[in-house]
Each structure stands twice: as C-alpha cells, then as structure tokens.
There are 2 protein chains.
Amino acid sequence: MNFSKQRELILHALTQNPIHPTADKLYELIRPFMPTISLATVYRNLNQLVDNGIIRKISGLDGSVHYDHCVEKHYHFICTCCNKVYDVPYDVAQDLEQKLKSLTGLEAQSSDLTFKGICSVCQKSKKGD
Amino acid sequence: MNFSKQRELILHALTQNPIHPTADKLYELIRPFMPTISLATVYRNLNQLVDNGIIRKISGLDGSVHYDHCVEKHYHFICTCCNKVYDVPYDVAQDLEQKLKSLTGLEAQSSDLTFKGICSVCQKSKKGD
DNA sequence: ACTGATAATAATAATTATTATCAATTTTAT
DNA sequence: ATAAAATTGATAATAATTATTATTATCAGT
C-alpha cells in the first residue's frame, strides 16, 4: 500500500469520528475537506484497510456495512431504535477463538460478537413520550 | 400471519436445506416445486418469519444476508475460502447477554457471535494442491 | 530533475441485493 | 357463501457495492 492523501483522509475521518460510520457517511464527512473525492475511492480504500487489518467491518445492521477504526479487541452493541453502534469491552467474552478450537476443532482467525437491543438514551426518550 | 403455500414451501426448504441459504438461493431451491413463485415473495416471507422469531438472519458474509431455520441458540463459523456457514454449539460461549448487563448495564435482546476462518475441508484441499 | 513501472484516482456504468407498489387472488372468520 | 384481511406475482424503484476506463500520483532508480 502506497501513501495517498485520500487514504489518509479516510483513516483520519474514521479515527476522529468514532461513530462507526458507513462508507457513505464517511464520504459525507470527507467531502468538505476534499470535494473531489469519489465514493468509489472510499469503498476501495475501506476494503484495502480491512484487508490489511487496519480497520474492521461491522455488519449486522440492516443494509450497509459500518466501519471501525479501533483494532483493539472489543465487541458491539447496536441499538435497534436509533441504529447507533456502541462499543462493548472485551472482557464481556474472552478467548472465544480458543474455546471454539477446544470444543469443535475449528480454527478461527477472527470472531465477531454483536448484541442488539435498545440503548439507554432511546429507553429514556420512549418513557418520556 | 395467515397460512400460504409459498410460506410453507419457504420454511420447508429452509428446514430441509441446513446450508444457511440466501434469499436468492432459496428462490432457486423452491422454483422446481413452484415455478411461479416470485422472488419478492421469498424476501417478504423471510422478513416476516424473522419478525415472528421463526427463523434467524445471519449477516457478516459479504454481500447478501443468509437465513437460518434453527432458532435454538447457537453461533456460526464462516469459511472465508468456500463461504460455507457452519453451526457452532452454544456452549462455546454462554449467557453473553447476562455478562453484558452486569459489566455495562446494557440490556441486549439478542446476541450474534460469528467466527471466521478456513474450514477443515478447505485446509485439506489446499494442502493437496 | 526525469523516467518508467506501478498503484491510485475520479467519474460513471454495471451489478447485486432488497424493498415498494398494486391489481388480482387466496385465506380466514363469520 | 361472503366480506374483510392477508398474500401473491410482476415489476419498478431504491440502496449498496463492485467493475470499468481514462487519467494522475507515487516512488525507486537513474
């Protein structure tokens, strides 16, 4: 992977906006700084960054894929009401790959744990109605 | 939900083909038995069955969503080589929602754990080359 | 500084996946 | 049997992603 301004911007936008954005949201975030950037470039770079283990994909939300700049092990909580993605600390479940191997023999390179529910913000606003 | 032949067939195809198929794959599987069924009907019914907790969605594979007839708690292993989806028994990780709550306070309605790696079939065939 | 090889880009077309629309048909409860 | 509600097939519309193509940027080696 060579250096490119576009890739820098995408990575920077991901790091500065820990909102687990989609490719499209990133495109929006970056355009003010580089109006000429192409959506295809965003997609291409995101895929490359994922392939190189620099960022992570989060799927599970309906429709589009979200991205996460944080490589440290952690999980996600998706609010089914506001669709926000929250981080969940690693100690909720540890060494899952190891347990998988000892129980089934399968060797996983990665694991992805995602919870779904209603976040506290949405629970409060619902009560307030 | 009313009864309909189409829904019966979709559910039956899912149960008889534990390959975690996509909507499109199910369409293929069903057409020999009912050539007039519409792809839209397949999508519509899958969504309804998911909403009623009769089947489950599996996302995480690139592209399309896969479906699982089994409602019993279990997880998945996706082979990055052949793209097959294997079932992983529940005892690999138990009571995750409870641990989430006690550690973070978040209340999850569901959790989804997916491993990725290369299955034994693909590992063997690679060695054989 | 210049060059060739390669990688990356913008713009857009193409593809794939899914949902919405709607008139016609089927199912269910009366 | 019949009316209301639900479901269907066909297709259009939308959304998400990937592929294409001509052009431009990067970088190691002159």
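First the proteins, then the strands, lettered A, B, ... as listed; each starts at 1. All values below were derived from every heavy atom in this structure, side-chain atoms included, with hydrogens, water molecules and symmetry-related copies excluded.
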Using a 6.0 Å cut-off, check whether atom NZ of B/Lys99 has over 12 heavy atoms from anything other than its own residue.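 Correct, the count exceeds 12.
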
For A/Glu72, look at atom CD and say whether over 12 heavy atoms of other residues, nucleotides or ligands are found less than 6.0 Å away.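 Open.
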
B/Tyr27 ring centre to B/Arg31 NZ or CZ under 6.0 Å, with the angle to the axis within 45°?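 Yes, cation above the ring, under 6.0 Å and within 45°.
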
Would you mind reading off the distance between A/Leu39 atom CG and C/dA11 atom C1', rounded to a whole angstrom?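 Distance, rounded to whole Å: 11 Å.
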
For A/Leu46 and D/dT18, give me the distance from atom CG to atom P, rounded to whole Å.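 Going from CG in A/Leu46 over to P in D/dT18 covers 10 Å.
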
Under 4.0 Å from OP1 or OP2 of C/dA10: is there any side-chain N or O of A/Gln6 that close?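 The answer is yes; a side-chain N or O of A/Gln6 sits under 4.0 Å from OP1 or OP2.
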
N or O in side chain of A/Gln48 less than 4.0 angstrom from C/dA8 OP1/OP2: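 For C/dA8, OP1/OP2 do have a side-chain N/O of A/Gln48 under 4.0 Å.
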
Can you tell if the side chain of B/Phe77 reaches within under 4.5 Å of the side chain of A/Leu100, non-hydrogen atoms only?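 Sidechains of A/Leu100 and B/Phe77: in contact.
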
Within this structure, what is the CD-CG distance for the pair A/Gln123 and B/Leu106, rounded to the nearest 0.5 Å?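 Result: 9.0 Å between the selected atoms.
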
Between the two end axes of the helix from C/dA1-D/dT30 to C/dT30-D/dA1, each built from 5 base pairs, what angle do you get to the nearest 10°?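 The angle separating the two end axes equals 40°.
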
Pairs meeting criterion salt bridge (charged side-chain N to carboxylate O under 4.0 Å, His left out) with involvement of residues 4-16 of chain A, two or more places apart: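 Listed once each, the pairs would be none.
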
Both B/Tyr43 and A/Ser38 contact DNA chain C. Taking the nearest nucleotide for each, which residue is further toward the 5' end?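 Counting from the 5' end, the first nearest nucleotide belongs to A/Ser38.
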
Taking every non-hydrogen atom, the tightest pair across A/Ala23 and A/Leu39: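 It is O-CD1, 4.2 Å.
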
Nearest-nucleotide pick for B/Met1, side chain only, options being D/dA10, D/dT7, C/dA10: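 Closest nucleotide among those given: D/dT7.
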
Nearest to the side chain of A/Asn47, heavy atoms from C-beta on, is which of C/dA10, D/dT18, D/dT7?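 Nearest to the side chain of A/Asn47 among the choices is D/dT18.
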
For A/Lys73, give me all partners under salt bridge (Lys or Arg N to Asp or Glu O under 4.0 Å), at least two apart in sequence or on another chain.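 Result, salt bridge (Lys or Arg N to Asp or Glu O under 4.0 Å) vs A/Lys73: A/Glu97.
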
For A/His76, ring pair (Phe, Tyr, Trp, His ring centres under 6.0 Å) partners two or more places apart: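 A/His76 satisfies ring pair (Phe, Tyr, Trp, His ring centres under 6.0 Å) with A/His20, A/His74 only.
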
Residues within residues 16-36 of chain A bordering DNA chain C, heavy-atom distance below 4.0 Å: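 Output list: A/Thr36.
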
What string of B, S and - do you get for nucleotides 20-30 of chain D, 5' to 3', when a contact is any protein heavy atom under 4.0 Å? ------SS---

